[in-house]
Structures are given as C-alpha cells and as structure tokens.
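Structure first, commentary second.
Everything numeric here is computed off the predicted structure, so don't read it as measured data.
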Amino acid sequence: MNQNKLNGEPYVNADMTILDVISRYRGTESVFKQYDEKAKACLCCQALFDPLKDVAGKYGLDLGQLLNELKAAASISEA
C-alpha cells in the first residue's frame with residue numbers, strides 16, 4: 001500500500017503535523033498560506049510541529065474544512 005494514500009485518496013488526518021502534511025504533499029503549503037489570514041499568524045512559522053487538530057483549536061479554524069482542502073490540494077499535487 002502506498003503510505004501516502006488511503007482508499008485511493010491522499011492520506012491526511014487530524015493527528016498529522018503541518019510539517020508531516022507539507023513534506024508528503026508539497027502542494028498543500030498554499031492551503032496553509034491561505035489560512036494565515038484567518039489564523040492571524042503564519043501557520044508554517046508558528047505551528048509547523050503541531051498536529052492539525054491542535055492548530056485548528058488554537059487558531060479557531062474549521063478542522064473538517066481544513067482537512068478537506070488539504071486533501072484536495074494533495075490530490076492535485078500528486079496528479
């Protein structure tokens with residue numbers, strides 16, 4: 001099994017850190033940059049080693065929406 005995929009979809013979950021996601025799927029960096037304004041912080045600067053679920057809680061982000069956008073970006077970057 002490809003460790004970057006689960007059931008044919010990019011593998012991104014709430015326990016992964018920002019660094020985990022970007023290192024697997026380079027195209028997801030743009031998603032985090034888009035969330036910087038909502039978070040009022042540079043997520044890649046301030047929370048690179050934090051799990052996505054903690055990032056969402058700390059910065060008031062919708063975790064489900066973030067995960068969906070990351071998976072979509074990961075799919076495009078793999079194509």
Side-chain angles (χ1 to χ4, degrees):
M1 181 175 100
N2 181 341
Q3 84 180 62
N4 288 340
K5 291 193 176 231
L6 180 64
N7 298 326
E9 291 189 13
Y11 182 71
V12 178
N13 71 49
D15 292 317
M16 293 173 75
T17 66
I18 290 176
L19 180 60
D20 291 335
V21 176
I22 292 175
S23 65
R24 278 190 188 184
Y25 309 106
R26 188 72 181 146
T28 58
E29 186 175 0
S30 63
V31 174
F32 291 111
K33 290 187 183 296
Q34 291 173 4
Y35 273 86
D36 286 351
E37 188 174 328
K38 291 179 186 176
K40 298 187 181 4
C42 171
L43 295 176
C44 293
C45 303
Q46 301 297 320
L48 189 62
F49 303 106
D50 297 341
L52 297 176
K53 62 185 176 188
D54 294 349
V55 171
K58 181 176 181 179
Y59 294 100
L61 307 175
D62 181 321
L63 179 59
Q65 181 180 350
L66 175 61
L67 290 172
N68 287 336
E69 290 181 25
L70 290 169
K71 289 176 186 177
S75 292
I76 292 169
S77 69
E78 287 188 327

Within the distance-only criterion (no hydrogens, no angle test), does the side chain of [X] pair as donor or acceptor with the backbone N or O of [Y] below 3.5 angstrom?
X	Y	answer
Asp20	Thr17	yes
Asp15	Pro51	no
Asn13	Met16	yes

Any non-hydrogen side-chain atom of [X] less than 4.5 Å from a side-chain atom of [Y]?
X	Y	answer
Leu70	Leu52	yes
Phe32	Val55	no
Tyr25	Ile76	no

Shortest non-hydrogen separation from [X] to [Y] and the atoms involved:
X	Y	answer
Ala56	Leu63	CB-CB, 3.9 Å
Gly27	Ala73	O-CB, 3.9 Å
Ile18	Ala47	CD1-O, 3.4 Å

Spacing of Arg24 atom CZ and Leu19 atom CG [to the nearest 0.5 Å]
11.0 Å
Measuring from Gln34:CD to Leu66:CG, what's the distance to the nearest 0.5 Å?
10.5 Å
Only residue of Asp62, Val12, Val31 satisfying side chain to side chain contact (heavy atoms under 4.5 Å, CB included) with Glu69 is Val31
Checking Leu61 against Leu43 for the side-chain contact (heavy atoms from CB on, under 4.5 Å) test, could you report, in this order, the C-alpha distance in whole Å, the side-chain angles of both residues, the deciding distance, and whether it holds?
CA-CA 11 Å; Leu61 307 175; Leu43 295 176; 4.1 Å; yes
For side chain to side chain donor-acceptor pair (under 3.5 Å), just list the numbers for Gln46 and Tyr59, CA-CA rounded to whole Å, side-chain angles, deciding distance to a tenth of an Å, and then say yes or no.
CA-CA 11 Å; Gln46 301 297 320; Tyr59 294 100; 5.1 Å; no
